[in-house]
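Okay, so here's the structure we're looking at.
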Amino acid sequence: MSEFKSEFLNIMLERGFYNQCTNIEGFDNYLYECEKSGRPAVGYLGSDPTGDSLHVGHIVPLMMLRWFQKCGHKPIALVGGATARIGDPSGKDKLRPFLDEATLAHNIEGLKKSFSKFLRFGDNGNDALMVDNWDWFKNVNYLEFLRDIGTCYSVNRMLTMDSVKTRLEREQPMSFLEFNYMLLQGYDFCVLMQKYGCRAQIAGSDQWGNITSGTELGRRKYDTELFGFTSPIITDASGKKMGKSEGNAVWINEEKLSSYNYYQYFRNIGDTEVGKCLRIYTDLPMNEVIRLESLKDQEINEAKKILAFEATKICRGETEAKAAQETAIKTFEQGSAGGELPSVVVASDCGILDAFVNIGFCASKGEARRLIKQGGLKLNDKTVSDENYHLSAADFTDGQAKIALGKKKFGIIKVA
RNA sequence: GGAGGGGUGGCAGAGCGGUCAAAUGCAACGGACUGUAAAUCCGUCGACUUUCGUCUACGAUGGUUCGAAUCCAUCCCCCUCCA
């Protein structure tokens, strides 16, 4: 199935990354020419440092860039130090609170870390490049910017952009500050084009408006065709965005989420999502993906294990992935307790309620009590029925005891 | 600047002097059933306390009242219309 001339676009298509492109034939030709001549195409992905780590929802464009690099092209990871100071109105109902300089700096570091898990950075050939748009925006003069860039935008057109239109339709306030966001992102694209010969922007489909802002600016002001390429929004079976587990985001950086929990997120994916996830979150070759996704009923669990392992490997490294997998096997299949489980140190006569609160499984003793009434808490595989129970030496083996909340949350408590 | 409407739990959204820790829906969580899946059914869903109960909470601060999410005052924020 060679729909396209370029390797990159064929991969995007067969793995389900292709949603929309500003000019698919043009982009294909550009990539093909580059692939043929051995000169890397240059494309970028931008992300604003509004948090200190990316999460699973961001992986889709990251993987696109990863493939982009694998195809011999040069990815640029842009950290939006400047745009984060404005706030992207896309998909938002409210102005975001401003971040102070310290958290901004902290977030930028976290973001760089997230990027570096998926891309190979360096100074040679098609090594990825990291840039911060603060570098070129910090000295921009307002009047000059308005005259140079502002003249290329029509407010009439801007008002029709989704990010603006929906906000107005819902009668939610939109500040002039946010209204300017698309100009900044458009300008970014052109700066990268001029500095690094960047011709493509790759992102999730929610960025479409901001991307076309850049391609239009490129055409009007610099007479250069730029390409925008977006992925579909990946949703789970119930149509919600991917990336929440127990109400919390599935973070890419390990300080925010253990590799074991990261692994478990993918291990617990719905049957209907397996094929899609294998395509998007792993590097596995397509014939393997097709084989795995055809598994049915209980066998599909094998596919889920491979998915979880491969996805964890990319993000956390092979060692971590193996450890996570081993822990999962020990815990779920052999009934013992794997080493990667969350653990907490407690006093040897600690109350059972405190133990569950301390390890973070329960937010309060009241919650722990309720769960005991519902039969949801276990100590060494036995359902806890007495909320006043205090641990004793008999509960520990080698100074450890295994506790569980529900069927999936396991932890280890250790004697002080 | 003028006139009107509004700010309630993770979200949406009732309540408009006591019976309100606050209806309902969604989300979340536990149990049953299973395959660490989905669907379904049952249950839970502010904190401390075994129960009684106590405390904190309906934008903020004061006040009226035996008693306020509910009334009054001031302030902050948002929306709509007019200038």
Side-chain angles (χ1 to χ4, degrees), chain A residues 91-98 166-176 178 235-250 260-278 292-309 311-312 324-338 340-342 351-354 356-357 359-379 381-390 402-411:
Chain A
K92 304 276 184 315
D93 269 353
K94 286 176 187 151
L95 177 62
R96 258 192 253 244
F98 290 121
T166 58
R167 191 78 83 88
L168 294 178
E169 277 169 0
R170 286 196 217 167
E171 304 190 341
Q172 296 291 338
M174 171 165 226
S175 68
F176 184 66
E178 294 170 281
T235 54
D236 63 20
S238 52
K240 288 177 306 196
K241 280 192 196 176
M242 294 275 295
K244 292 280 165 110
S245 151
E246 291 153 20
N248 297 310
V250 178
Y260 167 71
N261 282 127
Y262 190 87
Y263 175 95
Q264 282 298 309
Y265 174 73
F266 287 100
R267 178 63 250 266
N268 285 316
I269 228 83
D271 284 10
T272 48
E273 317 305 304
V274 172
K276 183 164 70 186
C277 289
L278 283 166
L292 290 170
E293 75 177 336
S294 67
L295 295 175
K296 290 277 179 295
D297 303 320
Q298 288 202 37
E299 285 191 324
I300 204 165
N301 280 315
E302 287 312 309
K304 290 184 189 178
K305 282 182 205 171
I306 293 171
L307 163 66
F309 177 76
T312 310
Q325 184 164 50
E326 230 168 79
T327 292
I329 289 173
K330 274 189 189 163
T331 310
F332 287 95
E333 295 175 23
Q334 300 168 2
S336 63
E340 304 299 309
L341 295 177
I352 191 73
L353 297 177
D354 288 313
F356 276 93
V357 172
I359 202 168
F361 285 2
C362 300
S364 65
K365 286 196 205 174
E367 187 182 350
R369 268 196 198 93
R370 262 181 254 124
L371 287 165
I372 286 177
K373 285 197 186 104
Q374 299 182 93
L377 300 189
K378 290 198 182 81
L379 170 64
D381 300 319
K382 279 171 33 196
T383 304
V384 178
S385 52
D386 176 12
E387 59 185 65
N388 290 316
Y389 185 77
H390 275 69
K402 181 179 162 193
I403 57 176
L405 192 179
K407 279 168 292 204
K408 290 188 199 163
K409 272 181 117 170
F410 294 91

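Every chain is numbered from 1 and lettered A, B, ... according to where its sequence line falls, protein lines coming before strand lines. Just so it is clear, the values below take in all heavy atoms, side chains as well, and ignore hydrogens, waters and symmetry mates.
Within the structure, a side-chain polar atom (N or O) of A:Ser364 is placed less than 4.0 Å from OP1 or OP2 of B:rA47.
One C1' atom belongs to B:rG13, the other to B:rA83, and the distance between them is 35 Å to the nearest Å. A distance of about 35 Å separates the C1' atoms of B:rG15 and B:rG1, rounded to the whole Å. For the C1' atoms, the distance from B:rC82 to B:rU24 is 38 Å, rounded to whole Å. Using C1' as the reference atom, B:rG9 and B:rG46 are 8 Å apart when rounded to the nearest Å. Nucleotides B:rA28 and B:rA38 are separated by 11 Å at their P atoms, to the nearest Å. To the nearest whole angstrom, the two C1' atoms, one in B:rA32 and one in B:rA47, are 30 Å apart. B:rU74 and B:rU64: their C1' atoms are spaced 15 Å apart (whole Å). Here the separation of B:rC11 from B:rC20, taken at their P atoms, is 24 Å to the nearest Å.
When Watson-Crick and G-U wobble pairs are counted only if both distances are under 3.5 Å, B:rU50 pairs with no nucleotide at all. Within the shown strands, B:rU80 is the pairing partner of B:rA3 under the Watson-Crick or G-U definition, both distances less than 3.5 Å. Of all nucleotides present, only B:rC72 satisfies the Watson-Crick or G-U wobble test against B:rG62, with each distance under 3.5 Å. Nucleotide B:rA12 forms a Watson-Crick or G-U wobble pair with B:rU24, both donor-acceptor distances falling under 3.5 Å.
Considering OG1 of A:Thr327 and CG of A:Leu341, their distance stands at 5.5 Å, rounded to 0.5 Å. Here A:Leu307 contributes atom CG and A:Thr312 contributes atom OG1; the two are 8.0 Å apart, rounded to the nearest 0.5 Å.
The interatomic distance linking A:Asn388 (CG) with B:rU51 (C1') rounds to 13 Å, in whole Å. The CG atom of A:Asn261 sits 18 Å away from the P atom of B:rU36 (whole-angstrom rounding). Note: CG (A:Leu353) to C1' (B:rU49) measures 11 Å, nearest angstrom. One interatomic measurement links the two molecules: CG of A:Asp297 to C1' of B:rU34, which rounds to 11 Å at whole-angstrom precision. A straight line from CD1 of A:Ile306 to P of B:rG35 spans 20 Å, rounded to a whole angstrom. Nucleotide B:rU49 holds its C1' atom 11 Å from the NZ atom of A:Lys373, rounded to whole Å. Across the protein-nucleic acid pair, A:Lys407 atom NZ and B:rG31 atom C1' stand 7 Å apart, rounded to whole Å. Atom CD in A:Glu293 sits about 16 Å away from atom C1' in B:rA37, given to the nearest Å.
Among the protein residues, A:Arg370 comes within range of the sugar-phosphate backbone only, with heavy atoms under 4.0 Å from sugar or phosphate atoms but none that close to a base. No contact: A:Ala363 has no heavy atom under 4.0 Å from any strand. Within the nucleic acid shown, A:Ile300 comes within 4.0 Å of at least one base atom, counting heavy atoms only. Residue A:Glu387 is in sugar-phosphate contact alone, with no base atom involved, counting any heavy-atom pair closer than 4.0 Å across all strands shown.
Contact annotation: the side chain of A:Arg370 never approaches that of A:Lys373 to less than 4.5 Å [non-hydrogen atoms, C-beta and beyond].
Listed for the A:Glu367 side chain is a donor-acceptor partner under 3.5 Å among the backbone atoms of A:Ala363. Within the 3.5 Å criterion, the main-chain N or O of A:Asn388 finds a donor-acceptor partner in the side chain of A:Asp386. Between the side chain of A:Lys402 and the main chain of A:Gly411, no donor-acceptor pair closer than 3.5 Å is present.
In this structure, A:Phe410 has its ring center closer than 6.0 angstrom to the ring center of A:Phe332.
If A:Asp271 and A:Gly375 are placed on RNA chain B by their nearest nucleotide, the residue sitting closer to the 5' end is A:Gly375.
Residue A:Gln374 places no side-chain atom within donor-acceptor reach of the base of B:rG31, judged by atom type and a 3.5 Å distance cut-off alone.
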